[in-house]
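Positions are given from 1 along the sequence.
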Amino acid sequence: MAKPTSIYKCSLSLLTDLYQLTMAYGYWKLDRADDEAVFNLFFRKHPFGGGYTVAAGLAYVVDFIENLSFDQDDIDYLATLCGNDGNPLFNEGFMQYLANLEFCLDIDAVEEGTVVFPNQPLIRVKGPLLQCQLIETTLLNMVNFQTLIATKSSRICHSAKGEPVLEFGLRRAQGIDGALAASRAAYIGGSAATSNVLAGKLFGIPVKGTHAHSWVMSFDDEQQSFEAYSQAMPNNCVFLVDTYDTIEGVRKAINVGKQLREQGHEMVGIRLDSGDLAYLSIEARKLLDAAGFECAAIVASNDLDENIIKDLKDQGAKIAVWGVGTKLATAYDQPALGGVYKLAAIRKPGEDWQYKVKLSEQAIKVSVPGIQQVRRFCNENGFIADAIFDEQMGISVPAVIVDNKDHTRHKTIPANTRFEDMLKPIFRSGKCIYTPLEANEARERCLQQLTCLHAGIKRFVNPHEYPAGLEKQLHAFKTDLIQKARNE
């Protein structure tokens, strides 16, 4: 895979919120820069009202951290920033500190393509407090968006029931990087190909595409346009048939398909981009089959998403390939995941950890303390349950998981049940010890993971809730910490 940062010609070290730098400055001035901290990146609710989420974005994170340093242009820019008194925001000593800063973080993360659940750390960052703070915004930017798109893609592919989904969102995506990240994440989530050629080059994603309405309109008539395209691209003929009259367009495509066949080529199919896709695909299928083009695929586009695809399939649509653009690349119905990055433990060098909890009037916003790991239990039928536990406390045997939403509900996991700890070592003391999955490897992981989930968890309406929560010792400790904090 090409390095994501090769797209850019400048350092990404300032791709952060200003308050990360002002806090870093405060830690430095108070001689707290080297206090050791643990932060967890997680989300609180599944997107799209679903029952699972697909993790993505780790490859971008690895590339970012490996290349992270403040160059002279960064320092020169920071020197121009002023406080409300007109004086420099940061002093020379701090800027020299940043210029010489070498990141030495330990980072653990779930692999891309993994199905994940609320409150579980997707990334755990451990190291000097100042360094942990500086990378917060960038990690959230990379993981939130790509996880959102991978999840949307997975839902759309699930709705298509194994039929190929093509990601066509480049022209509607949020900018260059939004488009590239979306293409990669959509592929991880299960899409079969993209129209985005640069994403194909950078990430090894198959690319697909034929012609647009403008091709047809540039000729005197529709059949002439199809004939011309077949002469130019005889091995790539999917004809867009709805520029004028869709059914007539299908007939003209069949005529050109016969000409292609006589020349030793085969029409790949037709594309429908408007109108009643169920009715038109059924009628088109009849015409194609009657003419001997049983293998010609019907491709459909036109603002599709998982719900429209399901509805079309329920109507008996004869669509074999689904082109999904705007509603996939922009996560149209939920434009943000809402992942957060919270301090969970801190200590002075050589001292014991102090676990931290963030309180809130909203129960969902109360954070989980500790040096967290996620243990996934499974059997021959798939995944059973996930337990968030603290690495210092360990996990009881048999493991008892406390439900996140209802603390009276517990699930006990028998001893000797198979398990996997989900957070894998990525960086140690600032050195990368992990090779990120290629996009196709992450896609295969996602597809395999989904086979391990109960079907009810993957449904769109009132999905079954996968058993995931805090291991009982961590839950008890969190409850204790909350009570102490409220009584102070």
Modelled atom types, side-chain donor and acceptor of Asp390 and Gln372, under 3.5 Å: no

Side-chain (Gln334) to main-chain (Phe48) donor-acceptor, under 3.5 angstrom: yes

Pair Ser191, Ser153: side-chain N/O donor-acceptor within cut-off below 3.5 Å: yes

Parallel, tilted or perpendicular, as decided by the 30° and 60° cut-offs, for the rings of Phe383 and Tyr466: perpendicular

Pair Asn440-Glu444, side chain to side chain donor-acceptor pair (under 3.5 Å): steps then yes or no: CA-CA 6 Å; Asn440 66 303; Glu444 287 303 312; over 6 Å; no

Sidechain-backbone polar pair: Asp17 side chain, Tyr19 backbone, donor-acceptor under 3.5 Å: no

Trace of the side chain to side chain contact (heavy atoms under 4.5 Å, CB included) decision for Leu14 with Leu21: CA-CA 9 Å; Leu14 297 184; Leu21 285 159; 4.2 Å; yes

Inter-residue atom distance Ile135.CD1 - Asn141.CG, 0.5 Å rounding: 13.0 Å

Validation row: Ile123, Asp108 side chains within 4.5 angstrom (heavy atoms): no

Side chain to side chain donor-acceptor pair (under 3.5 Å) assessment of Tyr27 paired with Gln133: CA-CA 10 Å; Tyr27 294 141; Gln133 197 74 72; 3.1 Å; yes

Worked check of side chain to side chain contact (heavy atoms under 4.5 Å, CB included) between Val324 and Glu167: CA-CA 5 Å; Val324 187; Glu167 180 268 311; over 6 Å; no

Stepwise side chain to side chain contact (heavy atoms under 4.5 Å, CB included) check, Phe460 with Ser159: CA-CA 9 Å; Phe460 298 152; Ser159 187; 4.0 Å; yes

Neighbour count above 12 (heavy atom, 6.0 Å) for Asn416 CG: no

Crowding at NZ, Lys472 (>12 non-hydrogen neighbours, <6.0 Å): no

N-O pairing of Lys152 and Asp333 below 4.0 Å: yes

Arg347 backbone acceptor or donor facing Asp35 side chain under 3.5 Å: no

Glu420/Lys424 salt bridge by N-O under 4.0 Å criterion: yes

Rounded distance [0.5 Å steps], NZ in Lys478 versus NE2 in His407: 6.0 Å

Steps toward ring pair (Phe, Tyr, Trp, His ring centres under 6.0 Å) verdict (His46, Phe117): CA-CA 7 Å; His46 288 302; Phe117 300 91; 5.6 Å; yes

Residue pair Asn307 / Asp311, side-chain donor-acceptor N/O under 3.5 Å: no

Donor-acceptor pair, side chain of Gln373 and main chain of Leu423, under 3.5 angstrom: yes

Whether Lys458 side chain and Leu450 backbone form a donor-acceptor pair below 3.5 Å: yes

Test item: Leu41 and Val125 side chains (from C-beta on) under 4.5 Å apart, heavy atoms: no

Side-chain touch Gln392/Asp352, heavy atoms, less than 4.5 angstrom: no

Ser301 (side chain) donor-acceptor with Gly323 (main chain) under 3.5 angstrom: no

Derivation of the salt bridge (Lys or Arg N to Asp or Glu O under 4.0 Å) call for Arg124 and Glu391: CA-CA 12 Å; Arg124 187 184 73 201; Glu391 287 192 338; 3.1 Å; yes

Separation between CG of Leu139 and CG of Asn144, rounded to the nearest 0.5 Å: 10.0 Å

Stepwise salt bridge (Lys or Arg N to Asp or Glu O under 4.0 Å) test for Lys313 and Glu163: CA-CA 11 Å; Lys313 293 183 80 67; Glu163 293 165 350; 3.0 Å; yes

Heavy-atom side-chain proximity of Asp177 to Phe145 below 4.5 angstrom: no

Audit row: Arg459, His158, side chain to side chain contact (heavy atoms under 4.5 Å, CB included) steps and yes/no: CA-CA 9 Å; Arg459 67 179 177 239; His158 180 68; over 6 Å; no

Leu343 side chain reached by Val38 side chain, heavy atoms, under 4.5 Å: no

Side chain proximity check, Trp28 to Met23, heavy atoms < 4.5 angstrom: no

Side chain to side chain donor-acceptor pair (under 3.5 Å) assessment of Asp386 paired with Gln120: CA-CA 9 Å; Asp386 288 6; Gln120 298 177 349; 2.8 Å; yes

Student check: side-chain heavy atoms of Asp403 and Lys411 closer than 4.5 Å: no

Chi angles and distances behind the side chain to side chain donor-acceptor pair (under 3.5 Å) call for Gln449, Tyr52: CA-CA 11 Å; Gln449 290 258 307; Tyr52 70 92; over 6 Å; no

Contact summary for Ala331 and Leu148, nearest pair of heavy atoms: CB-CD2, 3.4 Å

Ile413 backbone acceptor or donor facing Thr417 side chain under 3.5 Å: no

Expected output: side-chain Thr138 to main-chain Leu15 donor-acceptor under 3.5 Å: yes

From CG (Asp74) to OG (Ser69), nearest 0.5 Å: 7.5 Å

Closest non-hydrogen atom pair between Val110 and Pro121, with its separation: CG1-O, 4.1 Å

ring-ring contact (aromatic ring centres under 6.0 Å, His included): pairs with one or both residues in residues 331-372, sequence neighbours excluded: Phe39-Tyr341, Tyr355-Phe477

Main-chain N/O of Val54 paired to Thr151 side chain as donor or acceptor, under 3.5 Å: yes

Under-4.0 Å salt bridge between Lys431 and Asp106: no

Donor-acceptor contact below 3.5 Å, side chain Asn67 vs main chain Asp63: yes

Aromatic ring pairing Phe94/Phe90, orientation class (parallel under 30°, perpendicular over 60°, tilted between): tilted

Heavy-atom side-chain contact between Val366 and Val357 under 4.5 Å: yes

Spatial distance of atom CG (Leu328) from atom CG (Asp305) [nearest 0.5 Å]: 10.0 Å

Partner of Glu112 by salt bridge (charged side-chain N to carboxylate O under 4.0 Å, His left out), out of Arg443, Arg445, Arg184: Arg184

Over-ring placement of Arg376 relative to Phe419, 6.0 Å and 45° cut-offs: no

Lys348 atom NZ, neighbour heavy-atom count above 12 within 6.0 Å: yes

Between CG on residue Leu122 and CZ on residue Phe43, distance to nearest 0.5 Å: 6.0 Å

